[in-house]
Every structure is written in structure tokens, then in C-alpha cells.
Amino acid sequence: MRLVDLRGAPHLLETVADRIWRAFWIGKADVSRLRTAFATHLGPAPMPFTLVALVGDRFAGTVSVIAHDADEWPDLSPWVAALWVEPGERRGGIGAALVEEAMRRAFAHGVTRLHLAATDANRPFYERRGWMQRDHVSDLSLLTRDAALPVSTA
């Protein structure tokens with residue numbers, strides 16, 4: 001498995017947009033909205049960015065770091081968002097590798113605190129990696145991760 005920045009594999013933009021749309025946005029927005037959003041991750045600025053996991057040349061997963069991800073907490077930025085691992089690749093460390101590389105890159109660019117929204121079912125995955133629950137709204141938990149903590153897989 002290897003992780004690549006979407007900037008280095010722009011041919012995967014359609015695949016990333018499709019997976020994230022099907023996982024989180026179907027019925028809420030047209031997939032073209034996601035294509036447009038992910039296209040901004042191809043620019044030269046360090047953020048936003050999207051990472052893609054590949055097994056051989058096959059798409060295995062993705063995660064992004066973006067400015068905002070949850071209307072419930074509009075004043076918080078930036079966010080780790082849209083973690084997706086293909087069903088056949090789950091439980092093999094791909095999700096952990098994606099999240100941890102996203103943290104490393106964001107922290108390397110001077111970010112001191114990252115945020116993410118997780119369902120109750122997914123919260124333990126992040127907590128094992130040093131994320132702390134800060135708030136809970138409806139079915140989502142706000143978790144944060146400070147740069148001061150070491151980044152490593154638990």
C-alpha cells in the first residue's frame with residue numbers, strides 16, 4: 001500500500017468524488033459539487049489536500065484535510081474529513097495510515113489543532129489515535145487532535 005497526494009494522481013479525482021458522494025452526500029448534493037470541491041485540492045497551496053491509498057494501482061481509500069466540515073461548529077478549522085476505505089480493504093490499516101499521514105502533513109504546515117466529526121460507532125477508531133472528544137451534537141462527536149501529541153498508529 002502506498003499513499004499519494006491527489007495532486008500527483010489527478011486521474012483519481014473522479015473516483016474520490018464518486019466514493020465520497022456515495023458514502024456521505026448521496027441525496028444531499030450532486031456529485032459534480034464534489035468534483036468541483038476536490039479540484040481545488042489540486043492547486044499549489046498546501047491545504048486543502050486529499051490523500052489516496054493505492055494497493056498496487058488500485059484505489060483503496062482516501063481522506064482529506066479541509067477548512068470546514070460541520071455546520072455545527074463553524075468557527076473551527078481545519079478538519080480531517082471524508083475518510084473512506086474500500087469495503088474489501090477495511091481492517092488492514094489503510095484508514096489509520098491515511099488519517100495519520102493527513103495529521104503529519106497538516107501539522108508540518110503549522111496547524112496546531114485538527115478537528116473531525118465522527119459517528120459514535122467510529123469514535124473509538126480515532127480515540128485510539130489520540131483524538132479527544134470535545135462536543136456531541138445529534139449523532140456526531142466533535143473530536144480534536146493537537147500537534148503536540150506524537151503521531152503514531154495505536
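Since this is a predicted model, take the numbers as computed values, not measurements.
Expressed to the nearest 0.5 Å, how far CD of Glu100 lies from CE of Met103 amounts to 5.0 Å. Interatomic distance, NE2 of His11 versus CG of Leu6, reported as 9.0 Å (0.5 Å rounding). The CD1 atom of Ile94 sits 8.5 Å away from the CG atom of Leu3 when rounded to the nearest 0.5 Å. The structure places CG of Leu83 at 9.0 Å from CG of Leu116, a figure rounded to the nearest 0.5 Å. The structure places CG of Asp135 at 8.5 Å from OG of Ser141, a figure rounded to the nearest 0.5 Å. Distance check, rounded to the nearest 0.5 Å: CG of Leu34 to CZ of Phe24 gives 10.5 Å.
Each of Val63 and Ile66 belongs to its own hydrophobic cluster when Ile, Leu, Val, Met, Phe, Trp and Tyr are linked at side-chain heavy-atom distances under 4.5 angstrom. Following chains of ILVMFWY side-chain contacts shorter than 4.5 Å, one can reach Leu42 starting from Leu54, so the two form part of one hydrophobic cluster. Grouping the Ile, Leu, Val, Met, Phe, Trp and Tyr side chains by contacts below 4.5 angstrom, directly or via other members, places Leu98 apart from Phe59. Hydrophobic clustering, with ILVMFWY side chains joined whenever heavy atoms are under 4.5 angstrom apart, keeps Met1 apart from Val52. Linking ILVMFWY residues whenever their side-chain heavy atoms come closer than 4.5 Å, directly or via other members, leaves Met47 and Ile20 in distinct clusters.
Distance alone, capped at 3.5 Å, is enough to place a donor-acceptor pair between the Thr62 side chain and the Leu51 backbone. Listed for the Asp5 side chain is a donor-acceptor partner under 3.5 Å among the backbone atoms of Arg7. Using a distance-only test at 3.5 Å, with no hydrogens or angles considered, a donor-acceptor pair links the side chain of Arg90 to the main chain of Val85.
Residue pairs meeting the ring pair (Phe, Tyr, Trp, His ring centres under 6.0 Å) criterion with at least one member in residues 66-118, sequence neighbours excluded, are Trp79-His115. A salt bridge (charged side-chain N to carboxylate O under 4.0 Å, His left out) check over residues 28-52, counting only residues at least two apart or in different chains, returns the pairs Glu14-Arg35.
Taking the side chain as every heavy atom from C-beta outward, Leu114 and Trp131 approach each other to under 4.5 Å. The shortest distance between side-chain heavy atoms of Val137 and Leu142 does not fall below 4.5 Å.
At least one test fails for Arg123 against the ring of Tyr126: distance under 6.0 Å to the centre or angle within 45° of the axis.
Enclosure of atom CG in Asp57 is not indicated, since only 12 or fewer non-hydrogen atoms of other residues, nucleotides or ligands lie within 6.0 angstrom.
Checked for salt-bridge contact, Glu89 and Arg58 meet the test: a charged N lies under 4.0 Å from a carboxylate O.
For Ser64 against Phe38, the heavy-atom pair with the smallest separation is OG-CE2, 3.4 Å. Annotation for Leu143 and Ala118: closest pair CD1-CB, 3.6 Å, computed over non-hydrogen atoms. The minimum heavy-atom distance between Ala106 and Val65, with the atom names listed, is CB-CG1, 4.4 Å. Nearest heavy atoms, Ala67 versus Ser77: O-OG, 2.7 Å.
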* To do: Step by step, work out the side-chain contact (heavy atoms from CB on, under 4.5 Å) result for Met132 and Asp146.
  => CA-CA 9 Å; Met132 303 289 293; Asp146 291 332; over 6 Å; no

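Asp18 pairs by the side-chain hydrogen bond (donor to acceptor under 3.5 Å, both in side chains) definition with Arg22, not counting sequence neighbours.
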